[in-house]
Amino acid sequence: MKSLLGYCVLILAFILSCTEQAENHQEQLSSQGTDCTQIKALLPQASSGVYVIQPPSVRKPFKVYCEMRQDGGWTVFQKRSGGAVSFNRKWKAYKKGFGNLNQDHWLGLKNVFSLTKNKTRKWTMRVDLWDHKDVNAFAEYRNFRLGNAKSAFKLHVGKYSGNAGDAIRGAYPGIDQNGFGFSTVDRDSDGCSPCIFGDIAQMDCTSSDGGGWWYSSCGSASLHGDWHPAGNHIGWGSGLHWHTWKSPAPYSVKATRMMIKSE
């Protein structure tokens, strides 16, 4: 009886292994483009949703959410609309990605880098913001890309346009986040050594702002802190902040979306 049970377990393991290999093979076969922009160009009537992409020189394809707009296909790499998905995570999670692509998620630093590492292509990043009255604002940055893992996926952005303000370069001088690596609670790449805020000396930004981000000293853009509902969204150091849009009191916005489009 035991030998028969063991034999059945082996057969089940073999079936599961074959199924997984078939799914992986099917995923590779169903890769629809190098990014959402190319998919939209090839299929102008394509609707927003989850697609499988394979950027150049990337061995294994992966899934992304494509926001299909009149101005092209955008690859979404961050979305927040509530508190169901925690963004207070460590380096490994931010590197790999987490959440549900159809809902709130972070695509992963490694995947975003794989999209933007080819310097022959230029990318635009768009940040969409919604406040607690559902008023929308946006910021766009030309020439967006991330550095490699050794640089802690350093942020590079070019010319700004939009109506939310250039919070990445800062609401005031000295807090420009452009050119800084990504920081998490277990891997610090910010410019604090320490940072002085009034009579408080702070060695890192994640302890007060929360989540992971391209912190400088510490900066006026930070979208990965704690999510706060209406009535509890003003005055928190940790929140979803874009201080060039909502100031002077720290205002935690209701929803955010970050996405990129190739040119």
Side-chain angles (χ1 to χ4, degrees), residues 62-65 76-113 125 127-132 139 146-147 149 151-155 164 167-168 170-171 175 177 180-195 197 200-243 245-247 249-259:
F62 55 90
K63 293 180 180 180
V64 297
Y65 188 92
V76 177
F77 69 92
Q78 187 258 35
K79 183 179 179 181
R80 300 194 70 180
S81 61
V85 176
S86 172
F87 276 63
N88 289 321
R89 304 195 184 219
K90 294 183 178 180
W91 178 262
K92 185 176 180 180
Y94 270 103
K95 182 178 180 180
K96 181 180 179 182
F98 52 85
N100 185 328
L101 289 174
N102 282 297
Q103 301 172 25
D104 292 359
H105 70 278
W106 171 254
L107 184 59
L109 292 163
K110 184 177 179 180
N111 286 335
V112 179
F113 167 70
M125 177 178 70
V127 181
D128 283 305
L129 307 165
W130 290 266
D131 69 10
H132 287 272
L146 296 185
S151 74
F153 300 102
K154 184 182 295 185
L155 175 67
I168 287 179
I175 56 172
Q177 296 169 326
F180 277 84
F182 200 86
S183 290
T184 57
V185 66
D186 59 334
R187 182 161 177 174
D188 186 17
S189 300
D190 61 36
C192 292
S193 59
C195 290
F197 302 100
I200 299 175
Q202 187 169 312
M203 293 303 298
D204 65 88
C205 302
T206 54
S207 60
S208 62
D209 289 32
W213 193 257
W214 298 276
Y215 292 113
S216 56
S217 302
C218 286
S220 56
S222 175
L223 300 179
H224 292 166
D226 298 326
W227 184 86
H228 297 285
N232 189 33
H233 61 284
I234 296 176
W236 292 89
S238 173
L240 285 63
H241 301 310
W242 199 267
H243 290 313
W245 184 40
K246 297 290 185 177
S247 62
Y251 183 108
S252 185
V253 301
K254 178 183 178 180
T256 68
R257 180 177 63 194
M258 303 176 71
M259 52 191 186

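Note that the structure is predicted; figures quoted are calculated from it, not measured.
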Could you state the interatomic distance from CG (L240) to NE2 (H228), rounded to the nearest 0.5 Å?
-> 8.0 Å

Point-to-point distance, once rounded to the nearest 0.5 Å, from NE2 of H132 to CD1 of I234 | 8.5 Å

Side-chain heavy-atom pair V127, T256 within 4.5 angstrom cut-off = no

For S238 against D226, the heavy-atom pair lying closest together = OG-N, 3.1 Å

Student check: side-chain heavy atoms of M125 and I168 closer than 4.5 Å = yes

Would you say the side-chain atoms of S252 pair up with the backbone N or O of W227, donor to acceptor, closer than 3.5 Å?
-> no

Do you know which two heavy atoms are closest between L107 and V112, and how far apart they sit?
-> CD2-CG2, 4.4 Å

When rounded to the nearest 0.5 angstrom, what is the spacing between CG in L129 and NZ in K254?
-> 13.5 Å

Is the F182-W214 ring centre distance short of 6.0 angstrom?
-> yes

Can you check whether L155 reaches W213 side chain to side chain, under 4.5 Å on heavy atoms?
-> no

Quick one: OG1 on T184 to NZ on K92, what's the gap to the nearest 0.5 Å?
-> 13.0 Å

Tightest non-hydrogen contact, residues M259 and V76, listed as CB-CA, 3.7 Å

Smallest heavy-atom separation, D131 atom then Y251 atom, equals CB-OH, 3.3 Å

Going from NE2 on H224 to OH on Y215, what distance comes out if it is rounded to the nearest 0.5 angstrom?
-> 8.5 Å

Heavy-atom side-chain proximity of P250 to W236 below 4.5 angstrom = no

Considering all heavy atoms of both residues, which atom of R80 and which atom of L223 are nearest to each other, and what is their separation?
-> NH1-O, 3.1 Å

Donor-acceptor under 3.5 Å (D186 side chain, K90 main chain) = no

Look at the side chain of S86 and the backbone N and O of N88, then say whether any donor-acceptor pair between them is shorter than 3.5 Å.
-> yes

Assert yes or no for the condition that the ring centre distance of Y94 to W106 is strictly below 6.0 Å.
-> yes

With no hydrogens and no angle check, is any side-chain donor or acceptor of H241 less than 3.5 Å from a backbone partner on G225?
-> no

Stepwise, does the side chain to side chain donor-acceptor pair (under 3.5 Å) test hold for Q103 with S81?
-> CA-CA 8 Å; Q103 301 172 25; S81 61; over 6 Å; no

Shortest non-hydrogen contact from K96 to N111?
-> O-ND2, 4.2 Å

Can you tell me if S220 uses its side chain to pair, donor with acceptor, with the backbone of A167 under 3.5 Å?
-> yes

Measure centre to centre between the rings of F98 and H105, then say whether the value is under 6.0 Å.
-> no

